[in-house]
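The chain is numbered in sequence order, starting from 1.
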Amino acid sequence: MDTRFAPASELPSFVEQPLLDALGALLRPLSRLAVAKGLPYVTLEEVLKASMVEAAREAHPGLPAQRSVSRISTTLGLNRREVTRLTRAGDADATPAALRRPAPATELFTRWRTDPSLRDAGGWLRPLPRLGPAPSFESLAHSLTQDVHPRSLLDELCRLGLARLDEANDEVELCDNAFVPRGDESRMLGFLAANVGDHCAAAVANVLCGGREHLEQAIFADEISVESLNQLRQAVSAQWQQLLRSMVPLLEELIEADRAAGRTADRRVRIGLFTYAEPMPGSTAADPPEVRPAPLRRSHPRP
């Protein structure tokens with residue numbers, strides 16, 4: 001469905017309709033998520049205002065606090081009191097930085113899947129003894145962190161359905177092909193924020209810079225059947241496995257080279273691959289299941 005915020009005649013002269021159309025396309029899937037989770041509009045509005053205040057602060061760096069509030073108020077059309085409130089709230093929020101720190105279980109899973117020494121002669125991932133010298137699950141865990149006990153990492157992987165403990169042989173084996181935590185919504189939302197956030201940031205930077213600051217490409221095709229899509233998913237999955245096995249060792253080598261050379265290591269990078277498919281407009285295929293908003297949660301008044 002092609003929805004627009006307002007006809008071009010109602011927009012300020014400096015606002016282009018294609019910009020609003022692009023923002024609408026970006027906000028629609030996020031709005032579906034908000035509706036499905038019962039998030040009221042006023043809460044989403046607060047998140048949007050806080051994000052715009054943060055962006056306006058970045059656009060006017062180096063100003064004293066008082067002038068910064070005035071400049072942000074002028075840029076966004078918010079009153080100074082509202083800008084001051086949102087600025088103070090933003091200063092106390094450390095969530096974005098926390099999202100960028102990978103969990104130990106994520107690192108262990110990735111290392112296990114990409115380390116050639118943990119595969120057999122046929123290239124298959126082999127079970128690891130739970131305890132003992134390398135190669136073992138215990139030694140793998142210790143090579144990544146000394147802050148989390150190997151048993152805690154094992155329990156976390158098993159809880160997520162990514163590993164299985166064979167108690168009879170006291171061996172651990174992986175059960176999945178990709179790190180997608182099931183039954184852990186907060187972490188899934190964290191991956192959504194980190195992956196989609198970086199993808200969107202790359203595309204926005206390319207638009208604002210007028211060039212190709214970041215690699216951001218896609219292949220599009222229509223008039224394809226469900227049967228062909230199933231074959232395509234298998235091919236893309238194989239491509240991802242190949243990319244994963246080549247990129248992780250390369251990144252580790254580059255990090256070690258930076259340390260050895262004493263270079264300033266103040267950059268981060270994310271490499272991703274995604275697919276998306278849906279019925280074409282006018283298709284007779286069954287519509288996706290209706291997303292119903294979650295019931296409102298009302299707190300009971302205290303006596």
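Between Glu82 and Arg85 there is a salt bridge, since at least one side-chain N of the basic residue sits less than 4.0 Å from a carboxylate O of the acidic one. Electrostatic pairing of Glu156 and Arg187 counts as a salt bridge here, judged by a charged N lying under 4.0 Å from a carboxylate O. Ionic pairing of Arg268 and Asp198 is present here: one or more N-O contacts between side-chain nitrogen and carboxylate oxygen are shorter than 4.0 angstrom.
Checked by atom type and distance alone, the side chain of Ser68 never pairs as donor or acceptor with a backbone atom of Leu63 at under 3.5 Å. Looking at Gln146, its side chain does come within 3.5 Å of a backbone N or O of His142 through a donor-acceptor pair. Counting only distance, with no hydrogens or angles, the side chain of Thr110 and the backbone of Thr106 share a donor-acceptor pair below 3.5 Å. No donor-acceptor pair under 3.5 Å is formed between the side chain of Thr264 and the backbone N or O of Asp266.
In this structure, Leu192 and Leu33 have side chains that are in contact, with non-hydrogen atoms separated by less than 4.5 Å. Using a 4.5 Å cut-off on side-chain heavy atoms (C-beta onward), Leu189 and Ser186 make no contact. In this structure, the side chains of Val53 and Leu76 come closer than 4.5 Å at one or more pairs of heavy atoms. Between Pro104 and Leu153, the closest side-chain pair of non-hydrogen atoms falls below 4.5 Å. Looking at Phe137 and Glu171, their side chains never come closer than 4.5 Å, going by heavy atoms from C-beta outward. For the pair Leu140 and Leu108, the minimum side-chain heavy-atom distance is below 4.5 Å. Residues Leu125 and Glu173 form no side-chain contact, since every pair of their non-hydrogen atoms from C-beta on lies 4.5 Å or further apart. For the pair Arg119 and Pro116, the minimum side-chain heavy-atom distance is 4.5 Å or more.
Atom CD of Glu138 and atom CG of Leu131 lie 5.0 Å apart (nearest 0.5 Å). One distance of note links CG of Leu273 with CH2 of Trp240; it measures 6.5 Å at 0.5 Å rounding. Once rounded to the nearest 0.5 Å, the distance linking CG of Leu162 with CZ of Arg113 reads 10.5 Å. Atom CD of residue Glu58 and atom CD1 of residue Ile72 lie 10.0 Å apart, to the nearest 0.5 angstrom. Summarising the geometry, atom CD belonging to Glu278 is positioned 11.5 Å from atom CG belonging to Asp222; distances are rounded to the nearest 0.5 Å. A distance of 11.0 Å separates CD of Gln241 from OG of Ser246, quoted to the nearest 0.5 Å.
More than 12 heavy-atom neighbours from other residues, nucleotides or ligands sit within 6.0 angstrom of CD on Glu45.
Cluster annotation: Leu243 is connected to Leu251 through the hydrophobic network of ILVMFWY side chains, with a link wherever side-chain heavy atoms come within less than 4.5 Å. Placement of Tyr276 and Ile224 in two distinct hydrophobic clusters is found when ILVMFWY residues are connected by side-chain heavy-atom separations under 4.5 Å, directly or transitively. Residue Leu250 is grouped with residue Ile271 when hydrophobic side chains (ILVMFWY) are merged at heavy-atom distances under 4.5 angstrom, including chains of intermediate members. Hydrophobic clustering of Ile, Leu, Val, Met, Phe, Trp and Tyr side chains at less than 4.5 Å, counting indirect connections, keeps Val196 apart from Leu26. Side-chain heavy atoms closer than 4.5 Å link hydrophobic residues (I, L, V, M, F, W, Y) into clusters, and following such links, possibly through other members, connects Val269 to Leu254.
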Applying side-chain contact (heavy atoms from CB on, under 4.5 Å), run through Trp112 and Leu128 and close with a yes or a no.
CA-CA 10 Å; Trp112 191 348; Leu128 297 178; 3.5 Å; yes
Checking Asp155 against Arg151 for the salt bridge (charged side-chain N to carboxylate O under 4.0 Å, His left out) test, could you report, in this order, the C-alpha distance in whole Å, the side-chain angles of both residues, the deciding distance, and whether it holds?
CA-CA 6 Å; Asp155 290 343; Arg151 183 69 202 207; 3.2 Å; yes
Given Val172 and Leu157, is the side-chain contact (heavy atoms from CB on, under 4.5 Å) satisfied, shown in steps?
CA-CA 10 Å; Val172 184; Leu157 289 174; over 6 Å; no
Run Leu86 and Val83 through side-chain contact (heavy atoms from CB on, under 4.5 Å) and show every step you take.
CA-CA 5 Å; Leu86 291 166; Val83 171; 5.9 Å; no
Are Glu252 and Met247 close enough, and set up right, to give a side-chain contact (heavy atoms from CB on, under 4.5 Å), and what steps lead you there?
CA-CA 9 Å; Glu252 292 178 343; Met247 285 295 102; over 6 Å; no
Candidate pair Thr87 and Thr84, rule side-chain hydrogen bond (donor to acceptor under 3.5 Å, both in side chains), full reasoning:
CA-CA 5 Å; Thr87 301; Thr84 300; over 6 Å; no
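The two residues Pro129 and Pro135 make their nearest non-hydrogen contact at CD-O, 3.5 Å. Closest of all the heavy-atom pairs between Ala277 and Arg233 is CB-NH2, 4.5 Å. When all heavy atoms of Arg245 and Thr114 are compared, the closest pair comes out as CA-CG2, 4.4 Å. Looking at every heavy atom in both residues, Cys175 comes nearest to Ala163 through SG-C, 3.5 Å.
Of the N and O atoms on the side chains of Ser70 and Ser73, not one donor lies less than 3.5 Å from an acceptor on the other residue. His60 and Thr75 share a side-chain donor-acceptor pair at under 3.5 Å. Inspection of the Gln234 and Asn230 side chains reveals no N or O donor paired with an N or O acceptor under 3.5 Å. Looking only at atom types and distance, the side chain of Asp115 has a donor-acceptor partner in the side chain of Ser117 under 3.5 Å away.
Partner Val69 forms a side chain to side chain contact (heavy atoms under 4.5 Å, CB included) with one of Arg57, Arg80, Arg81 and no other, that one being Arg80.
Contacts classified as side chain to side chain donor-acceptor pair (under 3.5 Å) and involving residues 121-131 (residues at least two apart or in different chains) are given here: Arg130-Asp170.
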